[in-house]
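The block underneath contains the structure these notes are about, expressed in structure tokens.
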Amino acid sequence: MNAQPAALTSIQVEVIGSALASVCDEMGETLVKTSYSPNIKERRDCTTGLFNADGDVLAQAEHIPMHLGSLIGIIQAIRDRYPFQEIREGDTFIGNDPHTGGGTHLPDIVLATPIFIDGSLTGWATNLAHHSDYAERGHAHIFQEGLRIPPVRFLRDGEYIPEVMDMILVNMQVPQERVADFNAQVAANHLGVTRYRELSARYGPTELEAAGRELMDYTERKVRAGIRTIPNGRYSFSDVFDQVQLDEDFEISLVMTVGDEEIHCEFDGPPQVAAGINLVYTALLSTVLYSVKTVIGPDIPSNAGLARAVTVTAPRGSVLNCVAPAAVNGRIDLCQRVVDLVHGAFAQAVPERVTAASNGAVTGTQYSGIDPRTGKYYVYLETIGGGNGAGACLDGLDGVQAHMTNTSNLPVESLEAEYPLTVLRYELVDGSSGDGEFRGGMGVHRKLRIDHDGCVCEIGMSRLTTRPWGLQGGGPAATAQYVKNGAIHPDTDVLHLERGDELGILTAGGGGYGDPAKRPREQVQRDVREARITQEHAGQAYQLEAEK
């Protein structure tokens, strides 16, 4: 658009920015409520966003920080593949391939729909949903991890392109779920297009475009102002990364340079490995942006202005900046450790703003096999929370998803209704939190019984051999472990299970903060007991009220 927009007041920019964020939230609720698979409708493993015509993020729903890395590359990848004049109203594009700009791992499938106003492309409605489908394929390289979809046209004139849909579904193990979830993703983007056009009609297309630019400029100013509160200097931190797919642990490190209004993060790590833990650059970048935002200003809007004052480098071909054909399916475990590196570096400058290390993983188990009740193949993914790190004035939260993930708990009732699995135990792990004046959060124990033969369980876990660290004298948390029929299995990421087998997953806790002598363990245990009693009374009161 070439028309000169009218000057916007700061109030107008704020109102439009809030409206864009609200559109993303509404898109997210639409996606959740119209989806079919439990991973989306119950666990909310999805994200929505709005972009301008150039592919800059205008707003993202407050869903899962990791998913920003899956969204930020796809618009440019679409425009690289399709000439501008070939993108038309009614199109929707699909992608999931980390190595061609479509995502950060293959289950996260992105849909992007162009928004046309008066015949001009003015923006994009996007969403991502984690399709729990790929199972039993291995992780030596990305070709084992599922179907790679480069950014391609998926809908034309509002209708699926049959040959593209057929190509995708023939590679899927649970195709009926995929169709239903694709319909939900299309509906969410359609709503985003409609709402964006309504905003354009209310404020004017040139004003809306100008507001988008000003929102990004405002975010940049907020970021630079936040960085000015950090003392200038070079801060380094290193940590050891372990994961069940790896034969040996390895060290990763960060040198963070803070200079006036800019931050540069220089990472180092070993060459990419034949395991599904490698990060593509967009995954690394989104992790760093999240980590920096938590320290300098959690209320800073999530848009493209975040990245203008933060630069990130890592050796090309390393685990932190991999190239094709590196496997990436479990990349989020390493992302969690990148958060620890950034927070560990910040702790040397502003320890009061940083929490101790959280559980340091996205502990995932994926069960698959034939459901004897239906005779159909199923794939069930769950990620289990752990302990949050303690802060300078508060205990860490117990049993939560930390940092780069934000999925919800799948209720026991829903799990057992949907899949041939039975939950035997679901509880917090006593003694798993780090000691300190403020204790870390406790990990979770989730134990399932397999109710059919021929079940394959793929496990993604970290912090099995290393403990989440404490801060300012606080103690480390307990490690994670998994147990099959009472025996610890630390040396394999794929388990073959039969009817009656039991698998228990115990996640790590969070590190403690401050001198433990200021709050002895006995006091912590009393506080935990009192908190549990309060929770039990609250649950009983809720039940009595419900029965009325």
Side-chain angles (χ1 to χ4, degrees), residues 5 7-25 28 47-52 54-69 71-72 75 123 126 199 203 207-233 235 254 256-265 282 284-312 338-339 341-343 345-355 391-392 403-404 406:
L8 295 171
T9 67
S10 59
I11 293 176
Q12 288 174 312
V13 172
E14 181 70 22
V15 168
I16 293 173
S18 296
L20 292 170
S22 178
V23 171
C24 292
D25 290 339
T47 292
T48 56
L50 291 172
F51 291 70
N52 65 14
D54 294 327
D56 297 319
V57 183
L58 294 175
Q60 181 191 10
E62 297 290 340
H63 287 182
I64 299 175
M66 178 71 258
H67 286 169
L68 175 61
L71 294 177
I72 57 179
I75 304 303
T126 66
L199 289 176
Y203 298 105
E207 286 76 13
L208 186 57
E209 182 181 3
R213 291 195 300 270
E214 177 53 35
L215 281 168
M216 289 183 278
D217 292 343
Y218 168 71
T219 293
E220 179 184 0
R221 293 194 297 271
K222 289 273 288 184
V223 169
R224 293 187 183 279
I227 294 173
R228 287 199 300 271
T229 67
I230 309 296
N232 286 350
Y235 308 101
L254 164 66
M256 183 173 69
T257 303
V258 180
D260 296 328
E261 297 183 349
E262 296 184 349
I263 288 178
H264 176 64
C265 293
T282 53
L284 176 64
L285 177 62
S286 62
T287 303
V288 173
L289 294 178
Y290 159 82
S291 306
V292 170
K293 178 181 171 180
T294 61
V295 176
I296 67 170
D299 61 340
I300 294 173
S302 295
N303 61 48
L306 270 172
R308 293 178 180 174
V310 180
T311 56
V312 180
V338 168
V339 176
L341 291 183
V342 176
H343 284 177
F346 271 124
Q348 298 171 42
V350 284
E352 70 282 358
R353 299 195 203 174
V354 180
T355 63
H403 295 312
M404 297 306 294
N406 193 30

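Throughout, numbering of the chain's residues begins at 1 and tracks the sequence. Computed from a predicted model, the values in this text were never measured in an experiment.
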Could you give the distance from [atom1] ([X]) to [atom2] ([Y]), rounded to the nearest 0.5 Å?
X: Ser10; Y: Glu214; atom1: OG; atom2: CD; result: 9.0 Å
X: Ile16; Y: Glu209; atom1: CD1; atom2: CD; result: 12.0 Å
X: Gln60; Y: Leu20; atom1: CD; atom2: CG; result: 13.5 Å
X: Asp25; Y: Thr48; atom1: CG; atom2: OG1; result: 7.0 Å
X: Thr311; Y: Leu285; atom1: OG1; atom2: CG; result: 10.0 Å
X: Thr282; Y: Leu289; atom1: OG1; atom2: CG; result: 11.0 Å

Measure across [X] and [Y] and return the closest heavy-atom pair with its distance rounded to 0.1 Å.
X: Ile263; Y: Phe346; value: CD1-CZ, 3.8 Å
X: Val258; Y: Ile230; value: CG1-O, 3.9 Å
X: Asn232; Y: Asp260; value: OD1-N, 2.7 Å
X: Ile227; Y: Glu262; value: CG2-N, 3.7 Å
X: Tyr235; Y: Ala345; value: CB-O, 3.5 Å
X: Val354; Y: Ala347; value: CG2-N, 4.0 Å

*asked:* Under the criterion salt bridge (Lys or Arg N to Asp or Glu O under 4.0 Å), I'd like the reasoning laid out for Asp217 against Arg308: C-alpha separation, chi angles, the key distance, then a yes or no.
replied: CA-CA 9 Å; Asp217 292 343; Arg308 293 178 180 174; 2.7 Å; yes
If you apply the rule side-chain hydrogen bond (donor to acceptor under 3.5 Å, both in side chains), what do you find for His343 with Thr294, and how did you get there? CA-CA 9 Å; His343 284 177; Thr294 61; 2.9 Å; yes
Please answer whether the main-chain N or O of [Y] pairs with a side-chain N or O of [X] as donor and acceptor at a distance below 3.5 Å.
X: Ser18; Y: Glu14; result: yes
X: Thr126; Y: Gly49; result: yes
X: Asn303; Y: Gly305; result: yes
X: Lys293; Y: Ile300; result: yes

### Message
Tyr203 vs Val15, test: side-chain contact (heavy atoms from CB on, under 4.5 Å). Steps then yes/no.
### Response
CA-CA 11 Å; Tyr203 298 105; Val15 168; 3.3 Å; yes
Exercise for review: Go through the steps for Glu207 and Gln12 under the test side-chain contact (heavy atoms from CB on, under 4.5 Å), then give the verdict.
Suggested key: CA-CA 10 Å; Glu207 286 76 13; Gln12 288 174 312; over 6 Å; no
Does any non-hydrogen side-chain atom of Asp299 lie less than 4.5 Å from one of Lys222? yes
- Below 4.5 Å, heavy atoms only, C-beta onward: do Val338 and Met404 meet side chain to side chain? no
Open item on the list: Evaluate His264 against Thr257 for side-chain hydrogen bond (donor to acceptor under 3.5 Å, both in side chains), listing each step before the verdict.
Closed with: CA-CA 5 Å; His264 176 64; Thr257 303; over 6 Å; no
Sorted by chain and number, sequence neighbours left out, side-chain hydrogen bond (donor to acceptor under 3.5 Å, both in side chains) with Arg228 holds for Glu261
Exercise for review: Check the pair Leu306 / Val57 against side-chain contact (heavy atoms from CB on, under 4.5 Å), numbers first and verdict last.
Suggested key: CA-CA 10 Å; Leu306 270 172; Val57 183; over 6 Å; no
- Task: Quick one: do Val350 and Thr229 satisfy side-chain contact (heavy atoms from CB on, under 4.5 Å)? Show the steps, please.
- Result: CA-CA 9 Å; Val350 284; Thr229 67; over 6 Å; no
